[in-house]
Amino acid sequence: MGLSSFFKNLFGSTKESVTELANNAETTFEQAKEAAAPYIEKAETFAEEAIDKVKEVSEPIIDKAADYAEKAKETVSEYADKASDTISDVIDTVKEKTSSLTHETTETISETVVDPSEKSAAAVEEIGDEAADKI
């Protein structure tokens, strides 16, 4: 029986120690929370002030960026119109040159092609002349 009462006393005191530690931890946590509250408020105030300062400083930069973007847009649209006109001119020139080359090729082909009926007529005359000579 002495052994079982030893274990009961040992574990019973451990249980009491754990409960006491938990209570102390809870109390300490509450105290830390109360102590941190003013610092949390200061941090929030500091963050709000920093955000306001960033807004003030960034406003002119954002305005300048918007102006720059507008100028860039105008410049790009100006060059886009010029590029469009130039491309149209190039396309028209290519069409004209292609058309003239096609026309020249057609003329060359028609000049070099012999009418087959002309050859046939010449051959018939030649054959007729040879036949007349033989008779």
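These numbers come from a predicted model, not from an experiment.
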> If every non-hydrogen atom of Ala35 is compared with every non-hydrogen atom of Pro38, which pair is closest and at what distance?
Replying inline: O-CD, 3.3 Å

Enter the distance from [X]:[atom1] to [Y]:[atom2] here, rounded to the nearest 0.5 Å.
X: Thr86; Y: Ile91; atom1: OG1; atom2: CD1; answer: 11.0 Å
X: Glu44; Y: Tyr39; atom1: CD; atom2: OH; answer: 15.5 Å
X: Glu49; Y: Ile51; atom1: CD; atom2: CD1; answer: 11.0 Å

>> Does any part of the side chain of Lys42, heavy atoms only, come nearer than 4.5 Å to the side chain of Phe46, both counted from C-beta?
In response: no

>> So for atom CD, which belongs to Glu26, do other residues, nucleotides or ligands contribute more than 12 heavy atoms lying within a distance under 6.0 Å?
In response: no

